[in-house]
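Following: one structure in structure tokens, then a few remarks.
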Amino acid sequence: MPPTNLTFREPLQTAARHALAHIENLDALPVAATASLETLRARLARPLADDGAPPEQVIEDLVSDSAGGIVASAGGRFYSWVIGGSVPAALAADWLTSAWDQNAGLYAAGPAAALVEEIAGEWLKELLGIPAGASFAFVTGCQMAHVTCLAAARHAVLERRGWDVEARGLCGAPAIRLLASRERHGSVKRAVRLLGMGSDNLIGLDTDDQGRLDPQALERALATAPAAADPAADSNADHTTPTIVVLQAGELNTGVFDPFEQLIPIARRYNAWVHIDGAFGLWANASPRFRHLCAGAGAADSWATDGHKWLNVPYDCGYAFVADPHAQRAAMSYQASYWVFERAAREQIDWNPEWSRRARGFATYAAIRQLGRTGIAGTVERCCDCARALTLGLGRLHGAEVLWEPVINQGLVRFLDPSGQSHDRRTDEVIAAILASGEAFFGGVTWRGMRAMRISVCNWMTSEGDVERVIRAVELAMDTGG
Ligand SMILES: Cc1ncc(COP(=O)(O)O)c(C=O)c1O
């Protein structure tokens, strides 16, 4: 039987029914997975069949076979990693994105997708305090946003040395030096590796006692650089060492911000490119209460952030911004004779690393329209308030200790071993007991030589009620499991 339009109705309705059952039940669901790896594998690893199955049956089976293997991170009691949920308009737009199935590589393959992305990109620049003239790309996450931005940076710093990296590659090119704080996120190193710049060239600089990159350490590193003259380079070129400085808005564990107003002018004096990792922290700019933490960030050359964290759009969604569109376009653009180009439109292939791609702009556009400026500021502020209440509330429990009071939405606590033998072991045991209770999901980290429980609040649904409920649950887990 040939497929008809009706073929879609049952599987989509089945999926919608199950999706609603999940979302509407988030308050009651255990947050961590309850099924073991073996159980999930035994259910899901069916032999590859010769004959297909009816689509609604495939969906029913997927739901029942995955039971216990879905982490309830879409709800308000997940605090382990910086993972947001989905605001309703963004989730609904994301469903439509799949139904419409646009290839958002070119305007011609999805005109509305291209336009929505263009408009949402302009809104994002306003919200995040990025100069209006910056170019941008919607990518899978902050990891690929780093790759996109650092590809533009690589182009620019080598172009200044008269080296065309897109044509000539990195073999024989002047070495690029990368400076970042020791507290940088691991995705920066991966981006450097992927771009062939070599992780050995990424130098970790000292921070102050708050974990912020120390301006004196940056100045010293820049000043002691070899001002290498490269015989291969154009004689008119700039002969300073090609340098990229990576700064951070929102450190993974503490949420601290590098002092951009001090650091960026220093980097400028040495003609360095400045990139900011603002995976979640850049969203502080959307809140009048927290905007001061981003002061000076608008003077950088590139910025990477996420939609799937604080904007609460479904996975996956990240954004790359570059102040000089020429550099981004030179690193990314491609033209093929079999394509159709619309001169008046924004062609995503000019800015993005992908060829074919998902129309990610729809979910972002919908989230921003649903929330508006006030709603986005409110989400940021509510998450920060909940992170603070949760951290301080846990710290008041007998046998718990606050290690880091949130600056924004990140806190750290640990649990003390009554025998005084191993606070680290006690901390891991309490975390395991909380996970087993199903009441909340926290993760551990080794921070300044101590095991700590991370508290990241990034979900638009987290409420004061969740905070109170989770503090009670942690108290119980300390008594019973830990
Ligand atoms: C500071 C920071 N940078 C980069 C990333 C990587 O982001 P993504 O997982 O969206 O690629 C994260 C993820 O949590 C992060 O916290």
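Values below: all heavy atoms of this structure, side chains included; hydrogens, waters and symmetry mates excluded. Residue indices begin at 1 and follow the sequence shown. Fair warning: this is a prediction, and the values are worked out from it, not measured in the lab. Start at 1 and go down the list; that is how both ligands and their atoms are numbered.
- In this structure, Gly250 is part of the shell of residues with a heavy atom less than 4.0 angstrom from ligand 1.
- With Arg182 as reference, Asp206 is the one residue of Asp258, Asp206, Asp208 to meet the salt bridge (charged side-chain N to carboxylate O under 4.0 Å, His left out) rule.
- Heavy-atom separations between Glu251 and ligand 1 are all 4.0 Å or longer.
- Of all atoms in ligand 1, numbered sequentially from 1 with element shown, those under 4.0 Å from a heavy atom of Phe280 are 16 (O).
- Under the 3.5 Å distance criterion, with hydrogens and angles disregarded, a donor-acceptor pair is assigned to the side chains of His155 and Glu166.
- Nearest non-hydrogen protein atom to atom 3 (N) of ligand 1 is Asp277 OD2, 2.8 Å.
- A cation-pi arrangement is found for Arg346 relative to Phe136, the charged atom lying closer than 6.0 Å to the ring centre and inside a 45° cone about the ring normal.
- Less than 4.0 angstrom separates some heavy atom of Ser187 from each of these atoms of ligand 1: 3 (N), 4 (C), 5 (C), 6 (C).
- Contact annotation for Ala279 and ligand 1: only side-chain heavy atoms (C-beta onward) come within less than 4.0 Å of the ligand.
- Taking a 4.0 Å cut-off on heavy atoms, Trp81 fails to register as neighbouring ligand 1.
- Defined by atom type and a distance below 3.5 Å, a donor-acceptor pair is missing between the side-chain atoms of Ser287 and Arg289.
- The minimum heavy-atom distance linking Arg360 with Thr140 is given by the pair NH2-CG2, 3.4 Å.
- Of the protein's heavy atoms, His185 CE1, 3.3 Å lies nearest to atom 5 (C) of ligand 1.
- In this structure, Met144 does not count as a contact residue of ligand 1, since none of its heavy atoms falls inside 4.0 Å of the ligand.
- Other residues, nucleotides and ligands place no more than 12 heavy atoms under 6.0 Å from the CZ atom of Arg190.
- The main-chain N or O of Arg414 is never found under 3.5 Å from a side-chain atom of Glu401 such that the two would form a donor-acceptor pair.
- The atoms of ligand 1 that sit less than 4.0 Å from any heavy atom of Gly141 are 10 (O), 11 (O).
- When only non-hydrogen protein atoms are considered, atom 11 (O) of ligand 1 lies nearest to Gln143 N, 2.8 Å.
- Residue, atom and distance of the protein heavy atom nearest to atom 9 (O) of ligand 1 are Lys309 NZ, 3.6 Å.
- For atom 16 (O) of ligand 1, the nearest non-hydrogen atom of the protein is Leu252 CD1, 3.5 Å.
- One side chain, Ser463 or Asp466, offers a donor N or O that lies under 3.5 Å from an acceptor on the other.
- No side-chain donor from either of Ser199 and Arg193 sits under 3.5 Å from a side-chain acceptor of the other.
- Numbered from 1 in the order shown, with element, the atoms of ligand 1 that lie under 4.0 Å from a heavy atom of Asp306 read 7 (O), 8 (P), 10 (O).
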